[in-house]
Amino acid sequence: MASTPPLSAVVRLSVRLDVAGHVAEVGTIELDTGKPTWPQMADALVDLADALVAVADSPHDEEEVSPDGTA
């Protein structure tokens, strides 16, 4: 009787960035349970770091942000 490989599932983890009490949902990390976890996490964190550098390097208007983040 042939054996079937175990089914893998995708687990989605929300990523929140909290800087001095200002919290933003910045994305989702998707982990395939059929693959090693740490390499997937490392890749996701590198992607997050690259995105943060891109935002920091992009031109932006200097403006004040209210404590609740609405203005």
Side-chain angles (χ1 to χ4, degrees):
M1 186 182 255
S3 64
T4 58
L7 296 176
S8 63
V10 175
V11 176
R12 291 172 181 81
L13 305 172
S14 295
V15 179
R16 287 191 214 169
L17 185 58
D18 183 337
V19 178
H22 299 281
V23 180
E25 266 316 300
V26 295
T28 303
I29 295 175
E30 294 186 354
L31 300 176
D32 183 340
T33 60
K35 297 179 181 177
T37 302
W38 286 112
Q40 295 178 77
M41 288 295 295
D43 289 342
L45 292 173
V46 167
D47 290 345
L48 176 59
D50 290 344
L52 290 171
V53 168
V55 168
D57 289 344
S58 67
H60 56 279
D61 296 329
E62 295 293 328
E63 61 183 58
E64 294 279 328
V65 177
S66 63
D68 65 357
T70 59

| said: For a side chain to side chain contact (heavy atoms under 4.5 Å, CB included) check, start with the C-alpha distance between Leu31 and Met41, then their side-chain angles and the critical distance, and finish with the verdict. | reply: CA-CA 8 Å; Leu31 300 176; Met41 288 295 295; 3.9 Å; yes
| query | Is there a path from Val19 to Leu52 through hydrophobic residues (I, L, V, M, F, W, Y) whose side chains come within less than 4.5 Å of each other? | reply | yes
| Among the clusters formed by ILVMFWY side chains lying less than 4.5 Å apart, do Val23 and Leu48 turn up in the same one? | no
| task | Please confirm whether the backbone N or O of Asp32 pairs with a side-chain atom of Gln40, one donor and one acceptor, at under 3.5 Å? | result | yes
To the nearest 0.5 Å, tell me how far [X] [atom1] sits from [Y] [atom2].
| X | Y | atom1 | atom2 | answer |
| --- | --- | --- | --- | --- |
| Asp43 | Trp38 | CG | CH2 | 13.0 Å |
| Arg16 | Glu25 | CZ | CD | 5.0 Å |
| Leu17 | His22 | CG | NE2 | 11.5 Å |

| query | Is there a side-chain contact between Val10 and Thr33, using heavy atoms and a 4.5 Å cut-off? | reply | no
